[in-house]
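FYI, side chains are in, hydrogens and waters are out, and symmetry mates aren't considered; it's all heavy atoms of this structure. Both counts, for ligands and for their atoms, begin at 1 and track the order of listing.
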Amino acid sequence: MAITQNSVVTFHYTLSGEQGETLESTRERDPMLYLHGAGNIIPGLEKAMDGRAAGDTFSVTVPPEEAYGPRVPGKVQRVAAKHFPQPRKLRPGQRVQLNTRRGPMQAVVLKVGRFNIDIDANHPLAGRTLTFDVEIVDVRDATAEEIAHRHAHGPGGAHH
Ligand code: ZN
């Protein structure tokens, strides 16, 4: 059965960066599960999945525009320390969540100053060209409930 709109796909992947370094992999854990055609995985990978079947293995290299988007310099920001609950405890490299007018925002701490904290709110993989080595484990039709929710249910999918 080939992957098409509203297939639920189970797959393993290893994600590598520009130098071939491994960034993440499902090989040590459960494979990932997603509803095809609902924009639940990055566009470049979803496009490459189209028409594949269980047992297929392939490799696809995806530019930033088809992955997590370009790095936006404006997302590197200086924020007053008073906006953080415990600014003295922050360390560079730490991930934090900020509550903004447009909702919660994930960011990485770059620099901790006395009055200000420099943060980077870009996705950690923004601006990166990514290579996915994929193995399709299973393909099935989505249930009516999954189509209504626009995501897959079960191990590796949404839990609720
Ligand atoms: Zn659901």
Item to check | Arg95 backbone acceptor or donor facing Gln106 side chain under 3.5 Å | outcome: no
Item to check | side chain to side chain donor-acceptor pair (under 3.5 Å), paired with His36, selected from Thr4, Asp50, Asn6 | outcome: Asp50
Checklist entry - Using a distance threshold of 2.8 Å, what protein N/O/S atoms lie below it relative to the Zn ion (ligand 1)? => result His149 ND1, His151 NE2, His153 NE2, His160 NE2
Checklist entry - Should the pair Tyr68 and His123 be assigned to parallel (<30°), tilted (30 to 60°) or perpendicular (>60°) ring geometry? => result parallel
Checklist entry - Which class fits the ring pair His149 and His153: parallel under 30°, tilted 30 to 60°, perpendicular over 60°? => result perpendicular
Checklist entry - Is there a side-chain contact between Phe132 and Ile41, using heavy atoms and a 4.5 Å cut-off? => result no
Checklist entry - Would you call the rings of Tyr13 and Phe11 parallel, tilted or perpendicular, where under 30° means parallel and over 60° means perpendicular? => result tilted
